[in-house]
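Here's the structure we're looking at; comments come further down.
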Amino acid sequence: MADAKNRKVAILATDGVERVELTEPMKALRDAGAEVVVLSLKSGEIQAMDEDVKPSEKIRVDLEVSAAKPEAFDALVLPGGTTNPDKLRQDESAVAFVKGFAHSGKPVAAICHGPWMLVEAGAVKGRKMTSYPSLKTDLRNAGAEWVDETCVVDGNFITSRNPKDLPAFCDAVVRAVEQAAPRKAA
């Protein structure tokens, strides 16, 4: 039976991240044995939100994305919240990190507004994806086939629409991480 031990997963987020879209995948991955590293634009803590507008807990940042390298990780999770990916997609190091991951063949999972980062990284053309409905036009304009489904797996991409989809999303993310070839030791 596969497990996620010896796998290292990056979760890229900043202030405004939808709390459950970060904490639920993190818990599922840790429960499967993966090491989870929270990357952000700054060190310290980021402010998570509930229902996009209600401040909730602060999340500890493990590493600034400007110091992170895609090859150090086995998978990437991009949670939503409207302001989270909107801030991230304006940061060159965050976009470069996502671009490196998207083209690596390693699992990339994005939920809700998280796929905005994949649009910014120029990585969605020809992909079947889902997202929060308001991103439908952005994804289509960037060349993706947008569908209204709970969880869509297309190659190394895993996408879901919103927090209600988290059970299916987390299952798909854990399964992809378990099945992924481990990164090469540095």
Side-chain angles (χ1 to χ4, degrees), residues 4 7 9-14 16-26 28-29 34 36 38-39 49 51-52 65 68 70 73-181:
R7 300 295 198 278
V9 180
I11 298 181
L12 177 58
T14 194
V17 65
E18 184 67 31
R19 179 185 54 83
V20 295
E21 293 174 3
L22 187 154
T23 58
E24 291 298 310
M26 179 188 303
L29 286 160
V36 178
V38 176
L39 306 179
M49 305 297 271
E51 299 171 357
D52 213 34
V65 69
F73 298 92
D74 297 298
L76 172 63
V77 176
L78 299 168
T82 55
T83 59
N84 168 55
D86 196 49
K87 289 176 186 175
L88 289 172
R89 67 186 179 155
Q90 296 176 65
D91 182 88
E92 287 180 25
S93 59
V95 173
F97 185 82
V98 172
K99 188 179 286 190
F101 239 99
H103 299 293
S104 72
K106 295 187 262 186
V108 178
I111 187 168
C112 198
H113 288 78
W116 256 343
M117 286 301 292
L118 296 169
V119 169
E120 196 64 34
V124 304
K125 188 172 185 168
R127 297 289 193 143
K128 182 178 177 184
M129 301 176 72
T130 194
S131 66
Y132 195 76
S134 64
L135 272 65
K136 173 173 46 174
T137 300
D138 295 337
L139 285 162
R140 284 181 175 162
N141 285 345
E145 175 193 349
W146 187 89
V147 295
D148 185 11
E149 295 177 12
T150 303
C151 185
V152 175
V153 178
D154 182 355
N156 62 317
F157 281 18
I158 302 158
T159 53
S160 283
R161 302 169 299 189
N162 58 53
K164 291 177 185 170
D165 297 341
L166 278 165
F169 180 74
C170 290
D171 286 348
V173 171
V174 168
R175 194 167 40 256
V177 169
E178 289 174 343
Q179 294 171 357

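Sequential numbering from 1 along the given sequence is applied to the chain's residues.
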_Surrounding CZ of F157 (heavy atoms of other residues, nucleotides or ligands, distance under 6.0 Å), is the total greater than 12?_
yes

*asked:* Could you check whether atom CD of E149 has more than 12 heavy atoms from other residues, nucleotides or ligands sitting under 6.0 Å from it?
replied: yes

If I compare all heavy atoms of [X] with all of [Y], which pair ends up nearest, and what's the gap?
X    : Y    : value
A121 : V98  : CB-CG1, 3.9 Å
V177 : A75  : CG2-CB, 3.6 Å
T82  : W116 : O-CZ3, 3.6 Å
P163 : E18  : CG-CG, 4.4 Å
A109 : V173 : CB-CG2, 3.4 Å
S160 : D165 : CB-CB, 3.8 Å

Holding to salt bridge (Lys or Arg N to Asp or Glu O under 4.0 Å), I want the full list of residues that pass it with [X], two or more places apart in sequence or in another chain.
X    : result
K136 : none
R127 : none
D86  : R89

For a 4.5 angstrom cut-off between non-hydrogen side-chain atoms, does [X] reach [Y]?
X    : Y    : value
N156 : K106 : no
L139 : P115 : yes
L76  : V9   : no
P25  : L166 : yes
M49  : V17  : no
S131 : H113 : no
M129 : D154 : no
L78  : P85  : no

*Is there a donor-acceptor pair under 3.5 Å between the side chain of T130 and the backbone N or O of C151?*
no

_Strictly distance-based, threshold 3.5 Å: is any side-chain N or O of E21 a donor or acceptor partner for the main-chain N or O of G80?_
yes

*Any idea how F97 and F73 line up, ring-wise: parallel (<30°), tilted (30 to 60°), or perpendicular (>60°)?*
perpendicular

Rounded to the nearest 0.5 Å, what separates atom [atom1] in [X] from atom [atom2] in [Y]?
X    : Y    : atom1 : atom2 : answer
T83  : D52  : OG1   : CG    : 6.5 Å
T14  : L88  : OG1   : CG    : 5.5 Å
M117 : K87  : CE    : NZ    : 13.5 Å
I111 : C170 : CD1   : SG    : 7.0 Å

